[in-house]
Amino acid sequence: MEVVTRIAPSPTGDPHVGTAYIGLFNYVFAKRHGGRFVFRLEDTDRQRYQPEAEQRLLEMFEWLGIEPDEGPELGGANGPYRQSERLEIYRRHADLLLETGKAYRAFETAEELEAMRLEQKRLGRPLGYDGRGRSVPREEQERRAAAGEPHVIRLVTPDEGEVTFVDRLRGEVSIPASEVRDQVLFKSDGYPTYHLANVVDDHLMGVTHVIRAEEWIPSTPLHVLLYRAFGWDAPEFIHMPLLRNPDRSKVSKRKLDTSVDSYRQQGILPEALLNFLATMGWSMPDGREFFSVAEMTERFDIDRVSLGGPIFDLKKLRFFNAKYLRDLLPLEEVADRVEPLFRAAGYEWDDDDYLLDVVDVLRPRAETLMDLVDQAGYFFRDTLRYDEAARKQLAAGQSHLQDVERELSMLEFFDYDGVDDMLRDYVQAQAVGMGKVLMPLRAALTGTTQAPSVTDLIVILGKEESLRRIGAALTFIDAGLPDDDPQRALEEEKARKAAEAEARTSHKKSVGAERAAKARASGASEEGPR
RNA sequence: GGCCCCUUCGACUAGCGGUUAGGUCACCACCCUUUCAAGGUGGCGGCACGGGUUCGAAUCCCGUAGGGGUCACCA
């Protein structure tokens, strides 16, 4: 029999990491067994329904590359895939239960139910619907319903005995039947509840394995009873551990960022998020921790799922992301992904080799794509702001800057080795520490003291731009190193921009194509994620 | 509170009767070094507790404790 799994999110709020997590495991399980993965929209809650949520959900899976085989947009043999479009089906099935006496119409108002709850609480009795509506005669039920009295449809559940089901990961789970309430199957607004809709749909859509979160275990007996009432075989149940907040409660947006869109905006890569999620409760048989969804699928074994609820650790997610950024993805790939973000930040460049060079030297320092955007600023700005540490370096390095400016302008072989030799020769001739020369230079080139190797910076920026920046820094020093007072800094920038405008011809020219080629040839990053 | 699930370093996990309990993140130290990173090396740190079963338990059983979930006309 073909394996069929599903992800059945409800369109409320932001696309949730838990949905991605459960979706991943359903997808991988189905693919591992050559089966199908179905996307079904559980939009039976009219209060919480958000129209844009469906599209965002679909986009999330698209971004992740977890593509359903059937769903609301791509269709399939078992549609429709929106529960709101299947109301007639649920109606029919509810009627079936009504006719066979396995369900009944209940007429309690919200106030009555609330009073019942309070009474139960006061007496210390078990909470939940007590089945009082069962005693209303059938004829009366039908008559009141026909008269248009609002009501719900509830399942008749056994009062004694136990309900048992098998969870693939836990074995037999039994629960006293008295714990299972006469749950609402149909709400008074004409929509089915999750319980009814999910059982009916899973059966009709041929779902063979229900992989869902652990929080569903308590209502599984009810589902089992429903399958029984319909005379259907239940699918196999596999309850995944719940993702946890740092305090071990189940993930919630109050305590953790649960929005996949948010991570996406922060520059988290889908590969990294997926890989990270995969390690939540699952591990490769060979202990590998970096792997693609395809590789996971190849080796997937649901029985290797561990049951302790894993904490969603942002630090580790960022580590995974950094790993993909600097090691697992080819340079070109990272550049492709960051390019639109650079453009959005207003960065411009003439030659794609320049972009490649920038990403190449920056990515060991970045954990997310946004880090790259933040750090790349000085590669694309005409006018630098010097932070405090940089100003200090400039103050101490004026003479070295003047010397290097001269040396650099005379340099004939402007490639990595040429620049590097020049710098080293100069430092040696001066008989000072490298830092004494390079830190002021770094400050002049970037406006900050935390940046890539000075040689790399000079080679990437190019002779002309490097000289221009050193000159600007010297001017800045002459101006007495004005501090970061916003107003003054603004005027300062304005004046400098005007002055530079005419002196400048073209800069930001890439001289780094050669370097990039070299890096690509020697780098081991051509194979992509593994 | 009732019911149910879970329990190996701070975190993610390997282990499925015999291991000096392994790896990764984080943290710390050292190395590299031109700052910051990255990288390399090393370190810190764990089988919740108590009973059994067994020649032998992290591994099997029971109990206790702790954590979590759930008790809606939400999913």
Side-chain angles (χ1 to χ4, degrees), chain A residues 8-12 42-45 47-48 106 108-110 113 117 121 124-129 150-154 167 169-170 173-176 178-181 183-195 197-198 212-221 239 241-242 244 246-250 276 279-290 304 306-320 322-323 326-327 361-367 375 389 393 423-424 427 433-439 441-443 446 448-456:
Chain A
S10 70
T12 58
E42 308 240 331
D43 57 347
T44 56
D45 184 340
Q47 268 71 45
R48 296 200 301 157
E108 290 80 17
T109 62
L113 293 175
R117 247 187 300 277
K121 221 167 206 171
R125 309 297 306 170
L127 267 29
Y129 187 73
H151 65 282
V152 299
I153 297 175
R154 290 181 182 271
D167 177 276
L169 303 174
R170 287 159 251 261
V173 177
S174 289
I175 185 173
S178 58
E179 290 291 321
V180 185
R181 313 293 170 194
Q183 285 284 350
V184 172
L185 266 24
F186 239 98
K187 300 180 274 188
S188 57
D189 66 0
Y191 281 75
T193 61
Y194 168 83
H195 304 296
N198 130 81
R212 71 211 324 184
E214 193 179 12
E215 58 186 329
W216 292 106
I217 289 180
S219 49
T220 303
H239 291 97
L242 233 25
R244 309 292 187 90
D247 69 0
R248 291 220 167 272
S249 54
K250 83 165 170 178
F276 170 69
T279 65
M280 303 275 90
W282 192 76
S283 60
M284 272 286 197
D286 62 6
R288 229 182 328 166
E289 47 196 335
F290 302 112
R304 283 185 64 82
S306 59
L307 297 176
I311 290 175
F312 192 94
D313 182 2
L314 273 322
K315 276 192 174 168
K316 191 138 188 182
L317 204 214
R318 293 179 71 85
F319 164 77
F320 268 90
K323 187 74 181 171
R326 60 179 166 243
D327 286 338
V361 295
L362 250 26
R363 65 174 178 163
R365 295 163 174 78
E367 288 189 316
Q375 290 175 29
Q393 290 296 340
L423 288 173
R424 286 178 194 282
V427 167
M434 294 277 260
K436 281 275 187 291
V437 175
L438 297 179
M439 284 311 289
L441 248 185
R442 174 174 287 110
T446 66
T448 174
T449 54
Q450 301 183 0
S453 125
V454 168
T455 305
D456 277 336

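Every value quoted in this text rests on a predicted model; they were computed, and no experiment measured them. Throughout, protein chains are lettered first and strands after them, A, B, ... in sequence-line order, and every chain is numbered starting at 1.
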Using Watson-Crick or G-U wobble geometry with both distances below 3.5 Å, tell me the partner of [N], or none.
| N | result |
| --- | --- |
| B:G18 | B:C55 |
| B:U70 | B:G2 |
| B:C36 | none |
| B:G63 | B:C49 |

Could you give the [atom1]-to-[atom2] distance, from [X] to [N], as a whole number of Å?
| X | N | atom1 | atom2 | answer |
| --- | --- | --- | --- | --- |
| A:Met434 | B:U34 | CE | C1' | 6 Å |
| A:Arg318 | B:A37 | CZ | C1' | 14 Å |
| A:Leu307 | B:U13 | CG | C1' | 13 Å |
| A:Phe290 | B:G23 | CZ | C1' | 11 Å |
| A:Glu179 | B:U70 | CD | C1' | 10 Å |
| A:Phe312 | B:U13 | CZ | P | 13 Å |

Please list each protein N or O that sits under 3.5 Å from an N or O in nucleotides 8-11 of chain B, with the distance.
unit_1	atom_1	unit_2	atom_2	d
B:A11	OP1	A:Arg248	NH2	3.2

Between the protein and nucleotides 73-75 of chain B, which nitrogen or oxygen pairs come in under 3.5 angstrom?
unit_1	atom_1	unit_2	atom_2	d
B:C73	OP2	A:Arg154	NH2	3.3
B:C73	O2	A:Ser188	N	2.7
B:C73	O2	A:Ser188	OG	2.7
B:C73	N3	A:Ser188	OG	3.0
B:C73	N4	A:Glu108	O	3.1
B:C74	OP2	A:Lys187	NZ	3.3
B:C74	O2'	A:Asp45	OD2	2.5
B:C74	O2'	A:Arg48	NH2	3.4
B:C74	O2	A:Arg48	NH2	3.3
B:A75	OP1	A:Thr44	OG1	2.9
B:A75	OP1	A:Lys187	NZ	2.6
B:A75	OP2	A:Tyr194	N	3.2
B:A75	O3'	A:Glu42	OE1	3.1
B:A75	O2'	A:Ser10	OG	3.4

Legend entry - Of A:Gln450 and A:Lys323, the one whose closest RNA chain B nucleotide lies more 5': A:Gln450
Inset, instruction - Could you tell me whether the side chain of A:Arg170 has a donor or acceptor atom within less than 3.5 Å of a complementary atom in the base of B:C5? - result: no
Inset, instruction - Record whether the side chain of A:Thr279 comes under 3.5 Å of the base of B:U24 through a donor-acceptor pair of N or O atoms. - result: no
Could you check whether any side-chain heavy atom of [X] comes within less than 4.5 Å of a side-chain heavy atom of [Y], counting everything from C-beta outward?
| X | Y | answer |
| --- | --- | --- |
| A:Thr193 | A:Gln183 | no |
| A:Ser10 | A:Asp43 | no |
| A:Lys436 | A:Gln393 | no |

Legend entry - A:Tyr191: ring-ring contact (aromatic ring centres under 6.0 Å, His included) partners, not counting sequence neighbours: none
Inset, instruction - Can you sort out the partners of A:Tyr129 under ring-ring contact (aromatic ring centres under 6.0 Å, His included), two or more places apart, ordered by chain and number? - result: none
Under 4.0 Å, heavy atoms only, any strand: does [X] hit a base, just the sugar-phosphate, or nothing?
| X | answer |
| --- | --- |
| A:Pro452 | base |
| A:Ser174 | sugar-phosphate |
| A:Ser249 | sugar-phosphate |
| A:Gly128 | sugar-phosphate |
| A:Glu289 | sugar-phosphate |
| A:Val454 | base |
| A:Gly281 | sugar-phosphate |

Please list each protein N or O that sits under 3.5 Å from an N or O in nucleotides 42-47 of chain B, with the distance.
none

Just jot down the salt bridge (Lys or Arg N to Asp or Glu O under 4.0 Å) partners of [X], sequence neighbours excluded, or say none.
| X | answer |
| --- | --- |
| A:Lys316 | none |
| A:Glu179 | none |
| A:Asp286 | A:Arg288, A:Arg299 |
| A:Glu289 | none |

Of all the nucleotides listed ([options]), which has the minimum atom distance to the side chain of [X]?
| X | options | value |
| --- | --- | --- |
| A:Ser306 | B:A14, B:G69, B:U35 | B:A14 |
| A:Ser283 | B:U13, B:C36, B:C3 | B:U13 |
| A:Arg181 | B:C3, B:C71, B:C12 | B:C71 |
| A:Arg442 | B:U34, B:C3, B:C71 | B:U34 |

When the [atom1] atoms of [N] and [M] are considered, how many whole Å apart are they?
| N | M | atom1 | answer |
| --- | --- | --- | --- |
| B:U7 | B:C12 | P | 12 Å |
| B:C60 | B:G23 | C1' | 26 Å |
| B:G40 | B:U24 | P | 10 Å |
| B:A38 | B:U20 | C1' | 33 Å |
| B:U59 | B:U8 | P | 12 Å |
| B:C32 | B:G42 | C1' | 15 Å |
| B:A57 | B:C25 | C1' | 30 Å |
| B:U13 | B:A21 | C1' | 13 Å |

Inset, instruction - Please confirm whether the backbone N or O of A:Gly309 pairs with a side-chain atom of A:Arg248, one donor and one acceptor, at under 3.5 Å? - result: yes
Legend entry - Exam field: side chain A:Arg304 to backbone A:Gly281, donor-acceptor pair closer than 3.5 Å: no
Legend entry - Residue-phosphate contact under 4.0 Å: A:Arg304 side-chain N/O, B:G15 OP1/OP2: yes
Tell me every residue that passes side chain to side chain donor-acceptor pair (under 3.5 Å) with [X], counting only those two or more places apart in sequence or in another chain.
| X | result |
| --- | --- |
| A:Thr455 | A:Asp420 |
| A:Thr220 | A:Arg212, A:His239 |
| A:Thr448 | A:Asp387 |

Legend entry - Verdict with reasoning, A:Phe276 to A:Phe319, per side chain to side chain contact (heavy atoms under 4.5 Å, CB included): CA-CA 9 Å; A:Phe276 170 69; A:Phe319 164 77; over 6 Å; no
